[in-house]
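Here is the structure we will look at, set down as structure tokens.
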Amino acid sequence: MTDEAEQMKNLHIESIERGINPTLVLITESGHDTRSLGRMLGSLIRRATFIGLTGPLGSGKTCFAQGVADGLGVRSRVRSPSYILVAEHAGVLPFYHIDLYRIDDAHEVADLGWDEYLGVDAVVVVEWPEKAGGLVPASKIDVDISHLAPLERRLTISATGTQEGRLVGDLAGLLWESARGAGEAEPLDRGTSG
Amino acid sequence: MSCVLGIETSCDETAAAVVANGTEIISNIVASQSVHAEYGGVVPELASRAHVELVVPIITQAVAEASTTLDGLDGIAVTQGPGLIGCLLVGVSVAKSLAYALGLPFVGVNHIEAHIFANFLHSEGLPPPFLCLVASGGHTDLIHVSERCDYAKLGETLDDAAGEALDKAAKLLGLPYPGGPELERLATEGDPDAVSFPRPSVPGFDFSFSGMKTSVYYYLRDLSPEEVERRRADVAASFQEAVVDTLIGRLLEAADHVRVDRLVVAGGVASNLRLREKLGAAASGRGFQFSVPPPSLCTDNAAMVAAAGFERLRRGEAAALGLAAQASMPLLSGERG
């Protein structure tokens with residue numbers, strides 16, 4: 001197995017929907033898997049991209065964001081930005097990690113300098129994007145995380161927009177390859193060598 | 001006497017203070033509900049616009065309460081980072097303007113360093129060397145202070161800050177944000193041993209509170225609404241206990257490791273009474289000297305900024321007017337932000 005496939009062995013693909021708005025549904029078995037999935041997405045990003053992360057407290061939004069940052073080559077520590085609202089990191093592209101948890105209405109989102117963060121060539125990952133209402137851009141990747149069991153999560157990754165659709169399509173391809181490499185299609189694990 | 005004006009706008013609080021000789025608080029103003037009422041209008045929960053509206057009145061008030069004028073100041077200190085860039089810019093811009101107009105030296109101060117300096121602003125503060133835990137809504141850092149301005153970071157949170165974990169657990173219990181103080185009040189009615197929440201262990205002297213928060217979610221999810229209501233105080237007390245135990249455990253482990261005999265706690269979470277009491281008992285039981293600033297100096301304030309700024313200015317580290325706010329400003333040069 002390749003390193004990537006090794007990382008992916010606990011990711012289970014529930015469905016892949018291609019087309020205009022590609023959608024991926026996956027189950028992860030731990031925060032480690034959720035981070036690996038984010039890392040895979042981050043490693044595919046080459047241009048300004050908006051990623052919205054929805055899901056209840058403790059579902060793993062920050063965990064996914066840590067993975068995206070890692071995939072983008074961010075070396076500073078990515079933590080929950082709930083308190084400071086926006087954390088700026090440097091990667092292959094600038095990485096802006098925004099958390100609207102504490103925001104009460106969309107007016108306050110504008111006050112944060114939202115337009116400035118979204119107006120540059122950067123990867124913008126937003127937790128609780130629903131609080132921004134109509135300020136969320138039309139072209140985006142949505143990642144919704146739901147609790148299944150204490151460690152298990154269901155992630156639904158969907159794209160709106162041409163470039164975003166291509167990204168999620170590429171991610172699907174990568175996952176599919178990894179799943180096959182990891183023996184996902186077969187009942188028996190073929191071992192860990194290789 | 002040397003009077004330094006401190007300005008703090010790194011996050012939610014707009015604050016200004018005048019401190020003499022780095023230790024004596026002459027005035028210390030933090031924008032609170034009463035100030036909002038005084039200046040009228042609806043104040044946004046957060047964000048730079050509120051700082052823009054409040055910073056000049058707050059500085060004016062701090063200078064007036066110090067029974068001085070702007071001409072009576074000897075230096076200006078401002079929080080340069082870490083924090084929200086738009087908010088930091090407000091304080092930094094005002095500080096630069098004042099410094100330029102008054103011909104005064106000014107200096108940018110790290111917010112975490114300022115929290116450490118709160119220790120030097122009260123009578124029971126300890127001299128270095130000491131080990132300092134800075135715990136707030138945005139930070140959880142273990143810092144060895146060998147002397148003023150000489151730091152080594154031993155550990156930090158890998159995900160959520162301690163204060164954030166308390167706020168979020170409060171939210172899961174249906175308490176209003178910011179829920180830390182509400183959770184603390186509810187906890188006084190509960191049994192800290194009622195629920196055994198995990199005390200996660202991470203390598204070294206780092207912290208992780210994210211899993212602890214998730215365990216509250218699962219504990220509550222499996223209860224009926226009536227049960228949740230009946231056990232709220234117990235959950236609050238038990239969760240607070242898990243956070244407090246984790247902070248104390250790490251602080252004492254690190255203290256043994258670096259062989260210091262003085263412990264200092266700072267930051268907003270240091271105003272938590274359970275933490276103050278339990279750490280006080282644990283520290284004295286093991287022969288440590290222990291100090292925590294009064295609650296008003298634990299939460300964000302500008303007196304601590306002025307105190308740190310005084311020390312930096314005394315060392316001849318005045319900044320040029322080109323100083324830039326830094327959202328992810330590291331405490332130590334060369335540290336990853």
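So you know, we letter chains A, B, ... as the sequences are listed, proteins then strands, and number each from 1.
Contacts between A:A149 and chain B at a heavy-atom distance below 4.5 Å involve the backbone alone (N, CA, C, O). For B:A161, no part lies near chain A; criterion is any non-hydrogen pair under 4.5 Å. For B:T157, the parts sitting under 4.5 Å from any heavy atom of chain A are the backbone and the side chain alike.
Under the 30°/60° scheme for interplanar angles, the aromatic rings of A:H147 and B:Y217 are found to lie parallel.
Of the residues listed (B:L172, B:V216, B:T214), the one engaging A:L57 in a side chain to side chain contact (heavy atoms under 4.5 Å, CB included) is B:L172, and it is the only one.
A distance of 5.0 Å separates OH of A:Y101 from NZ of B:K171, quoted to the nearest 0.5 Å. Residue B:K213 holds its NZ atom at 6.0 Å from OG of A:S80, rounded to the nearest 0.5 Å.
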Next on the checklist: With side chain to side chain contact (heavy atoms under 4.5 Å, CB included) as the criterion, how do A:E116 and B:I85 come out once you've worked through the C-alpha distance, each side chain's angles and the decisive distance to 0.1 Å?
Outcome noted: CA-CA 11 Å; A:E116 284 80 0; B:I85 192 73; over 6 Å; no

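Heavy atoms only, all atoms of each residue included: B:Y218 and A:L148 are closest at OH-N, 4.0 Å.
Counting heavy-atom pairs under 4.5 Å between each of A:G58, A:P150, A:C63, A:P56 and chain B puts A:P150 at the top.
The closest side-chain heavy-atom distance from B:T140 to A:R79 is not below 4.5 Å.
Under the 4.0 Å criterion applied to side-chain N and carboxylate O atoms, A:R102 and B:D167 are not assigned as salt-bridge partners.
Judged as a side chain to side chain donor-acceptor pair (under 3.5 Å), the pairs with a partner in residues 62-73 of chain A (not counting sequence neighbours) are, in order, A:R35-A:Q66, A:R39-A:D70, A:T62-A:E127, A:D70-A:R75.
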